[in-house]
Q: 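Before anything else, here's the structure in question.
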Amino acid sequence: MITFMNNSDSEEEPCNERTSLMSAESPPVPSYQDGLQASEAGEAQAHRKRRAGSSRSPNNIAGGEMSGSGVPVRESVLENEEEELTLKYGAKHVIMLFVPVTLCMIVVVATIKSVRFYTEKNGQLIYTPFSEDTPSVGQRLLNSVLNTIVMISVIIVMTVFLVLLYKYRCYKFIHGWLILSSLMLLFLFTYIYLGEVLKTYNVAMDYPTLFIVIWNFGAVGMICIHWKGPLQLQQAYLIMISALMALVFIKYLPEWSAWVILGAISIYDLMAVLCPKGPLRMLVETAQERNEPIFPALIYSSAMMWTVGMAKPDTAARGPSQQTWDAAEDGREHLRSPSHAESQMSETRSPVPTTRPVTALEELEEEERGVKLGLGDFIFYSVLVGKAAATASGDWNTTLACFVAILIGLCLTLLLLAVFKKALPALPISITFGLIFYFSTDNLVRPFMDTLASHQLYI
Amino acid sequence: AGCAAIALGPAAALLLLTVAAEPLLLIVLLAGAFLWLLSLLAASLLWFVSVRLSGREDAALLPLGAAAAVLLQELCRFACFKMLKKADEGLATLSEDGRSLISLRQMAYVSGLSFGITSGVFSIINILAESAGPGTVGIHGDSPYYFITSAFLTMALVLLHTFWGVIFFDACERRHAGGLGLVVGGHLLTSGLTFLNPWYEASLGPIFILTLCTGLWAFSTAGGSFRNILKCLSCK
């Protein structure tokens with residue numbers, strides 16, 4: 001059936017850009033990273049162990065040692081006035097990621113709750129060949145595990161294939177593949193979705209209107225995603241296709257397989273990104289070696305770079321990457337994005353009157369590159385929440401609990417990102433929290449709350 | 001829909017006016033919600049285990065479950081305090097003038113609000129979902145005012161949590177054990193009063209009075225006074 005299983009990729013390590021960005025101003029990168037870390041440290045949550053009494057010492061660029069899961073507090077010299085800003089911006093970037101994730105989940109949950117189609121069982125994908133309609137529990141469990149193995153191996157094969165293509169510079173092939181899959185998503189799935197929504201609300205629509213609507217939606221989507229377009233529109237499209245993809249998953253993955261797959265994908269993500277021979281890590285490293293952004297695709301970015309002609313030498317190195325990095329780069333989705341959350345904090349120069357000489361050109365060039373998150377992460381978060389909404393008998397409590405869990409996981413992942421400053425898998429922590437909360441809320445909290453509510457008791 | 005507005009209106013208004021603009025506060029909100037969920041989880045686990053072990057009917061052990069939930073919530077509120085205190089110190093050391101971006105008072109208020117919102121939403125959302133569907137309220141002899149009283153109770157609870165958050169943090173800050181005790185006691189009292197449902201006069205009335213008193217107390221704890229109000233109103 002649907003053969004676009006793709007592993008989309010990750011995002012490049014911004015080291016180069018950041019270094020070149022920073023060379024215009026002293027002190028060098030570490031202090032900027034201090035600022036970034038400081039910002040993330042400031043909003044730190046459970047894992048923070050502050051070293052009490054870390055005093056401010058000028059020029060103290062501490063090493064990157066972590067005390068347990070603590071965050072090293074590094075003071076910087078020049079960025080004092082910027083630290084508060086980076087603090088605020090650090091939090092702001094976290095929120096900039098929360099909003100699209102929340103929107104995606106809301107769309108998915110709203111659709112699940114209202115449109116019956118997506119909760120009906122209507123067959124399975126070829127990637128999950130074993131059926132779960134077996135009488136015994138053991139058999140069902142076995143089948144779901146086998147399904148998971150099949151699915152994960154398909155994903156692994158696809159990822160390796162993609163990495164090989166990238167390594168051997170078959171760019172055209174990759175682009176064609178991505179374009180084809182986004183085409184299918186934007187047109188076919190939107191058509192099905194629209195059809196089902198119209199059916200649910202019993203609204204009639206004639207074919208010409210339908211054709212025009214879908215054509216416009218799809219065409220604008222393709223342009224926005226693969227080429228240039230307003231940032232908001234592009235983000236909206238990315239959210240829409242992540243939601244569509246998640247809905248497809250929710251419909252076609254059998255119950256237990258879905259949960260096992262979610263768990264397995266987080267583990268796979270962890271390994272693929274962090275192990276030295278992991279495909280995603282190799283992808284990132286190759287892209288870094290070639291000093292180019294990985295793909296104009298599959299990543300959601302919370303901000304865009306406006307590139308204006310720059311006369312500064314340091315930004316010359318950034319030039320080529322800037323070109324490819326226009327709004328269109330944050331491409332589509334795909335079934336699997338190697339969930340990377342990369343932080344691309346750049347300076348935000350204009351708000352603060354700094355002591356550096358700020359040229360007019362510098363002010364023009366106000367990029368605020370936000371944090372980037374792979375679309376696969378959106379998809380799997382939404383799958384978790386959607387499944388919770390679809391199958392949990394405790395309805396909204398479970399959905400809300402999973403939602404909070406996922407957001408907290410994302411927060412922690414971003415925190416770790418600030419600490420480690422390299423591509424990190426965004427799935428494991430969130431999915432783990434989400435799964436724990438789903439199962440515990442469904443089985444433990446629900447009876448409790450139901451009994452309380454039936455006696456109208458409040459705690 | 002009216003019930004939703006009654007129950008969650010004040011919370012939503014407070015949220016939009018105070019928290020939505022400041023991203024750090026949103027994160028504090030999220031942390032508070034997470035901690036409340038943890039406490040609920042622990043309480044449900046406790047109740048579940050005790051029901052299974054004792055073999056008695058679910059509802060009989062509810063007082064125990066409710067009390068456990070209250071105590072665990074207060075424990076989590078304490079944990080929230082500890083965490084936010086550390087965050088406050090961290091923010092203070094990082095900023096250049098030794099003050100953090102958001103004060104501990106603000107964080108106390110937001111964490112109280114987050115506890116309140118989460119608890120309120122969890123209490124009311126299933127009821128709201130049911131109310132959107134077909135059915136007759138109280139057909140089996142229960143009170144027909146179930147929805148509206150639930151809405152009012154939820155609103156009171158949200159406000160109470162917010163006030164308790166402020167008072168609690170202040171009491172912890174100043175090591176004032178009395179304040180702590182009163183907050184915990186107040187919470188237990190509120191929960192206990194809801195056991196008197198559906199005798200609504202006895203439960204709703206005192207709860208609202210309690211809400212008012214706690215509100216005034218929190219206001220004075222946060223440094224407000226009658227003179228402040230006058231000053232504020234006259235826009236000086």
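The structure presented is a predicted model; accordingly, all values stated were derived computationally and were not measured. Naming convention: chains lettered A, B, ... in sequence-line order (proteins, then strands); numbering from 1 in each chain.
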Q: Under the ring-ring contact (aromatic ring centres under 6.0 Å, His included) rule, collect the residues that match up with Phe163(B), sequence neighbours excluded.
A: none
Q: Only pairs of heavy atoms separated by less than 4.5 Å count here; which of Leu41(B), Val49(B), Leu38(B) has the most with chain A?
A: Leu41(B)
Q: CG of Leu26(B) to CZ of Phe98(A): how many Å apart, nearest 0.5 Å?
A: 8.5 Å
Q: Got a sec: does the CZ of Phe208(B) have more than 12 other heavy atoms crowding it under 6.0 Å?
A: yes
Q: Phe122(B) versus chain A, heavy atoms under 4.5 Å apart: side chain, backbone, both or neither?
A: both
Q: Can you tell me how far apart OG (Ser44(B)) and CE (Met449(A)) are? Round to the nearest 0.5 Å.
A: 8.0 Å
Q: If the contact rule is any heavy atom under 4.5 Å from chain A, which residues of residues 65-81 of chain B qualify, in numerical order?
A: Gly65(B), Ala66(B), Ala69(B), Gln73(B)
Q: Between Leu452(A), Leu444(A), Val404(A), which has the largest tally of heavy atom pairs under 4.5 Å with chain B?
A: Leu444(A)
Q: Could you give the distance from CG (Leu410(A)) to CG (Leu30(B)), rounded to the nearest 0.5 Å?
A: 9.5 Å
Q: Please walk me through it: do Ile27(B) and Ile95(A) pass side-chain contact (heavy atoms from CB on, under 4.5 Å)?
A: CA-CA 8 Å; Ile27(B) 297 182; Ile95(A) 300 298; 4.2 Å; yes
Q: Would you call Phe48(B) and Asn443(A) a side-chain contact if the rule is heavy atoms closer than 4.5 Å?
A: no
Q: Report the C-alpha distance between Trp396(A) and Val121(B) in whole Å, list the side-chain angles of each, state the deciding distance to 0.1 Å, and finish with yes or no for side-chain contact (heavy atoms from CB on, under 4.5 Å).
A: CA-CA 9 Å; Trp396(A) 293 94; Val121(B) 166; over 6 Å; no
